[in-house]
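Beneath this line is the structure, given in structure tokens, with notes to follow.
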Amino acid sequence: MNSTAFHSADILIPKDCDMHKWSVIACDQYTSEPEYWDEVSATVGNAPSTLNLILPELYLEQEGVAQRIDNIHTAMDKYLADGIFTEYKDAMVYVERVQSNGILRQGIVGAIDLEKYDFSKGSTSEVRATEATVIERIPPRIKVRQGAPLELPHIMILIDDPGNTVIEPLAKAVSDNSKLYDFELMQNGGSIKGWLVDKSAQENIDKALCALADPDTFCKKYGLSNTPVLLYAMGDGNHSLATAKEFYEQLKKANPDQDFSNHPARYALAEIVNLHSDALKFEAIHRLVYDVDCEDLLTKLSEALELSDAESSQYVITYCDGTEAKEYIHKQTSNLSVGSLQNFLDGYIKANGGKIDYIHGADTVKSLADKHSGIAFILPDMDKSQLFPTVIKDGALPRKTFSMGHAEDKRFYIEARKITR
């Protein structure tokens, strides 16, 4: 057992498959754009694909979701029975993803120990959520995991490694003999390569992670004292990891006499990425609000947050019916613009109804506001250097505070892992 929460796993990689059709984007992307998923389905056709093993969140609140989940479980069973996977025991996979903008992103796929993860508010665990976890979003995801023999990760976890000691050395440690895949991703996703990491390199990874997790080193880095170590901060897939954690805790509670110390459900497959990677650009996630009285919402927003054109440290850009305005927030209810806005929207929608969606890209959210006769709220970007210090000192950020890059650059599904005995 490794000393930190991240270590090797028994990883499944498909063999003799068209990898371009096998690999699809994270399920929580393009939730307001059904045409994207229609194009994915057309590309995949009848070929083996992770599309058949995941539930795009677009469909979570639509009719027939129970049947979709049953179909996912059936497809998982079939793929296992058909022997389409090769299983690599005690493995890690070094990943090089060339994003749509041509920038290289490096990562390592392995297992996260859920015993060292706590998504609750005020958590001091080694693995922590970086944004508020919406408990209501977990049960429908647990339904996908219940009875599923496999998991597929779109989880990306960040480490704060300015010295490039953990991931980057692998570029020179792998060879063509250990390459597992190399292909172009669909839908403008760029390209990706993956290599099996040998035992010697795995030991070096563990040593470097343990060095980052040294309590004295940690406290010195952030100017702290006697503070629990935060080594792994959630980047993408916050609710997916929370679902894995909750499912594992439910299993333990339902089976108090069983030993779960080595149960596969104790772990979740994830990719770790260095916060300092040039490929990681923190971008704001904008808000789309519709099925509301737009005039009433904007009036009450202005009153609640005391909006004006006089500059302050927080602002929001509103777009409605072709009109765009930048207004500054003078009655702040959070340390971030997104938090002040979100606090208002949560209360307004609870009292008045309406729908809210979280959208990547200013042009996209404005286009969708026109389409739905709604309001787009365009927010400022967050400086990624503030992520770890803020989570350490203040806890999780408001939900959907930031996004690591554009939608097409999110993690694609490739690897899988068995989660049942």
Side-chain angles (χ1 to χ4, degrees), residues 9-30 36-54 56 72 75-76 78-80 82-88 91-110 150-156 167-168 170-198 201 235-237 269-273 277-280 404-417:
D10 297 339
I11 296 177
L12 301 172
I13 306 285
K15 57 188 177 184
D16 303 324
C17 285
D18 182 338
M19 294 299 287
H20 180 75
K21 295 181 178 181
W22 170 260
S23 186
V24 305
I25 196 77
C27 65
D28 60 346
Q29 299 303 304
Y30 301 101
Y36 176 91
W37 290 102
D38 290 343
E39 290 176 20
V40 171
S41 182
T43 298
V44 167
N46 295 320
S49 176
T50 53
L51 178 63
N52 301 317
L53 308 180
I54 60 138
I72 289 169
M76 288 180 175
K78 183 178 187 302
Y79 287 179
L80 286 168
D82 290 348
I84 74 166
F85 295 109
T86 297
E87 185 172 48
Y88 297 89
M92 292 182 183
V93 178
Y94 168 61
V95 175
E96 289 187 350
R97 169 81 175 274
V98 177
Q99 299 179 157
S100 59
N101 58 9
I103 300 177
L104 175 68
R105 186 177 77 218
Q106 299 162 280
I108 308 171
V109 177
L150 299 175
E151 67 167 2
L152 294 94
H154 73 264
I155 298 164
M156 190 182 297
I167 300 169
E168 290 76 9
L170 290 171
K172 296 181 179 179
V174 295
S175 67
D176 287 343
N177 293 333
S178 60
K179 186 179 285 185
L180 297 171
Y181 50 78
D182 181 355
F183 62 98
E184 295 290 322
L185 295 161
M186 67 171 70
Q187 299 284 81
N188 196 37
S191 63
I192 194 163
K193 300 176 184 178
W195 293 262
L196 193 65
V197 178
D198 65 28
D236 279 334
L269 211 56
E271 180 180 350
I272 60 170
V273 175
S277 168
D278 290 338
L280 294 187
M404 297 190 301
H406 298 295
E408 62 263 29
D409 295 324
K410 297 300 178 179
R411 199 173 194 286
F412 275 61
Y413 300 103
I414 299 175
E415 299 86 0
R417 187 179 72 92

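Side chains of E415 and Y88: a donor-acceptor N/O pair is absent below 3.5 angstrom, by distance only.
How far CG of D38 is from OG1 of T43: 10.5 Å, rounded to the nearest 0.5 Å. Rounding to the nearest 0.5 angstrom, the gap separating the CD1 atom in I72 from the CD1 atom in I54 is 7.5 Å. Between the CD atom in E184 and the CD1 atom in I192 there is a gap of 11.0 Å [rounded to 0.5 Å]. Separating the CG atom in L51 from the SG atom in C27 is a distance of 11.5 Å, to the nearest 0.5 Å. Summarising the geometry, atom CG belonging to D198 is positioned 13.5 Å from atom OH belonging to Y94; distances are rounded to the nearest 0.5 Å. Note that CD1 of I13 and OG1 of T86 are 8.5 Å apart. Values are rounded to the nearest 0.5 Å.
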- [ ] Could you walk me through whether I84 and W22 pass the side-chain contact (heavy atoms from CB on, under 4.5 Å) test, one step at a time?
- [x] CA-CA 11 Å; I84 74 166; W22 170 260; 3.7 Å; yes
Open item on the list: Using the rule given for side-chain contact (heavy atoms from CB on, under 4.5 Å), can you reason through F85 versus L150, listing the C-alpha separation, both sets of side-chain angles and the distance that settles it, and then say yes or no?
Closed with: CA-CA 12 Å; F85 295 109; L150 299 175; 3.9 Å; yes
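Side-chain contact between R411 and P153 is present, with at least one heavy-atom pair separated by less than 4.5 Å. Proximity of S49 to V24: side-chain heavy atoms (C-beta onward) are separated by under 4.5 Å at one or more points. By the 4.5 Å heavy-atom criterion applied to side chains, M19 and P14 are counted as neighbours. Using a 4.5 Å heavy-atom threshold, the side chains of V95 and Y181 count as touching. Considering only heavy atoms from C-beta on, F183 comes within 4.5 Å of I414 through its side chain. Side-chain atoms of M76 and L152, non-hydrogen and from C-beta on, do get closer than 4.5 Å to each other. Contact check for W37 versus I25: side-chain heavy atoms found under the 4.5 Å cut-off. Contact of the W195 side chain with the L170 side chain is not registered, since no non-hydrogen atoms from C-beta on lie closer than 4.5 Å.
Here the shortest heavy-atom pairing between G194 and V93 reads CA-CG1, 4.1 Å. Residue G107 comes nearest to E271 through the heavy atom pair CA-OE2, 3.3 Å, listed as atom of the first residue, atom of the second, then distance. The nearest pair of heavy atoms linking A75 to N52 is CB-O, 3.5 Å. A pairwise comparison of heavy atoms in V174 and S178 identifies CB-OG, 4.0 Å as the closest pair. Shown here for A9 and R417, the closest heavy-atom pair between the two residues is CB-CD, 4.0 Å. Minimum heavy-atom separation, S23 to F412: OG-CB, 3.2 Å.
A salt bridge links K410 with D236: the distance from a Lys NZ or Arg NE/NH1/NH2 to an Asp or Glu carboxylate oxygen falls below 4.0 Å. The residues E96 and K193 are annotated as not salt-bridged, no charged nitrogen and carboxylate oxygen being separated by less than 4.0 angstrom.
In this structure a side-chain-to-backbone donor-acceptor pair under 3.5 Å is missing from E39 to Q187. Side-chain atoms of N101 come within 3.5 Å of backbone atoms of I103 as a donor-acceptor pair (strictly under, hydrogens ignored). Using a distance-only test at 3.5 Å, with no hydrogens or angles considered, no donor-acceptor pair links the side chain of S100 to the main chain of D409.
Under a cut-off of 6.0 angstrom, the local environment of NZ in K179 is crowded, with over 12 non-hydrogen atoms contributed by other residues, nucleotides or ligands. The environment of H20 atom NE2 is dense: over 12 non-hydrogen atoms of other residues, nucleotides or ligands sit within 6.0 angstrom. The number of heavy-atom neighbours closer than 6.0 Å to CG of N46, taken from other residues, nucleotides and ligands shown, is 12 or below.
Relative orientation of the H154 and Y413 rings is perpendicular, given thresholds of 30° and 60° on the angle between their planes.
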